[in-house]
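If you read the sequence from its start, that first residue is 1, and numbering goes on from there.
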Amino acid sequence: MRVNTLKRAVIAFALALPGAAIATLVAAPAAHADGCYTWQRTLSQGRSGADVRELQIRVAGWAASGTIVHVDGVYGPETAAAVRRFQSAYGLRVDGIAGPQTFAKIYDLQDNDCTPKHFSYSELDNGCGKGGWSGGPLSPTATRENAMRTMWKLEALRRSLGDKPIYVSSGFRSIACNNQVSGAAADSQHLYGNAADLTSRSSSLCQLARTARSRGFSGIYGPGYPGHGNHVHVDSRRENNRDRSSNTTSWSAPNCGI
């Protein structure tokens, strides 16, 4: 985890100020998101563009149960609802509008490389210990971007579990790595950077699996599903248009009532 202490102190101070003061502070260069991304306008329903897409990536883990937030650059009811859940989870004014306070919280949550502060690329890197993002069906750049999107959902899952640590035992796998560990499928979501196998020391595996249903994950496998007695697998298969599988939701953790 990489933390820009000074920047986080500035943001924390900004959140304590009245709305007008926050708007002024967030607009200033000091509030820039560690060189990652800075929003230049307030976003609400009807807006569209690259800035909406960047927002959607960061709130995708706040989808309604069994649904996903489409990262399409269009700020519709689905995105507004996810923003409201994000705002509620972090004690902000709940209005479904992404303005200075919402962006300040996102800046506070993310690191220089755009990953959320409780997860890193190294955690989602090649599961066989070699490192790097090559060897899968996609380019290293596309795979790494998928991993970043996965991490923002994991950040939402972590928040929903009381901000207690959750651990990634396996993230991206190259084709060779997936074969080496006898991966569940020849077209596994691990190959695309879309999946993570999780454990926790403070939440049960069933708590992980149940909570993941409302954190934007369309693939969930846990206790009771073959080979998943010691971890919970989560993925975003429904959003993957590059694999050979249908874009469906698939959950199975029979011991958890899923």
Strictly by modelled atom types, are [X] and [Y] linked by a side-chain donor-acceptor pair under 3.5 Å?
{"X": "Gln87", "Y": "Thr102", "answer": "yes"}
{"X": "Asn241", "Y": "Asn247", "answer": "yes"}
{"X": "Ser170", "Y": "Arg173", "answer": "yes"}
{"X": "His70", "Y": "Glu78", "answer": "yes"}

Set of side chain to side chain contact (heavy atoms under 4.5 Å, CB included) partners for Glu239, sequence neighbours left out: Ile68, Arg149, Lys153, Ser236
With Arg213 via salt bridge (Lys or Arg N to Asp or Glu O under 4.0 Å) - residues at least two apart: none
Salt bridge (Lys or Arg N to Asp or Glu O under 4.0 Å) involving Arg237 - partner list, sequence neighbours excluded: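 Residues passing salt bridge (Lys or Arg N to Asp or Glu O under 4.0 Å) with Arg237: Asp235.
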Contacts of type ring-ring contact (aromatic ring centres under 6.0 Å, His included), residue Phe217, not counting sequence neighbours: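 If we apply the ring-ring contact (aromatic ring centres under 6.0 Å, His included) test to Phe217, skipping adjacent residues, there are no hits.
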Pairs flagged by salt bridge (charged side-chain N to carboxylate O under 4.0 Å, His left out) wherever residues 84-99 is involved - sequence neighbours left out: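 Sorted result for residues 84-99: Arg93-Asp95.
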Plane angle bin for His228 and Tyr221 - parallel if under 30°, tilted between 30 and 60°, otherwise perpendicular: tilted
Mutual orientation of the aromatic rings belonging to Tyr37 and Trp39 [parallel < 30°, tilted 30-60°, perpendicular > 60°]: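 The arrangement is perpendicular - the two ring planes meet at more than 60°.
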Would you indicate whether the side-chain heavy atoms of [Y] and [X] approach each other to under 4.5 Å?
{"X": "Gln110", "Y": "Pro116", "result": "no"}
{"X": "Leu208", "Y": "Ile166", "result": "yes"}
{"X": "Phe172", "Y": "Pro140", "result": "no"}
{"X": "Leu198", "Y": "Leu154", "result": "yes"}
{"X": "Pro100", "Y": "Thr42", "result": "yes"}

For a quick test of reading the model, state the closest non-hydrogen atom pair linking [X] to [Y] and the distance between them.
{"X": "Ala98", "Y": "Tyr75", "answer": "N-OH, 3.6 Å"}
{"X": "Asn146", "Y": "Tyr192", "answer": "ND2-O, 2.9 Å"}
{"X": "Val232", "Y": "Pro223", "answer": "CG2-CD, 4.2 Å"}
{"X": "Ala195", "Y": "Thr150", "answer": "N-OG1, 4.2 Å"}

Strictly below 4.0 Å, N to O, side chains only: are [X] and [Y] in salt-bridge contact?
{"X": "Asp125", "Y": "Arg144", "result": "no"}
{"X": "Lys117", "Y": "Asp111", "result": "no"}
{"X": "Asp51", "Y": "Arg41", "result": "yes"}
{"X": "Glu54", "Y": "Arg58", "result": "yes"}
{"X": "Arg242", "Y": "Glu145", "result": "no"}

Partner residues of Ser139 under the side-chain hydrogen bond (donor to acceptor under 3.5 Å, both in side chains) criterion, sequence neighbours left out: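 Residues passing side-chain hydrogen bond (donor to acceptor under 3.5 Å, both in side chains) with Ser139: none at all.
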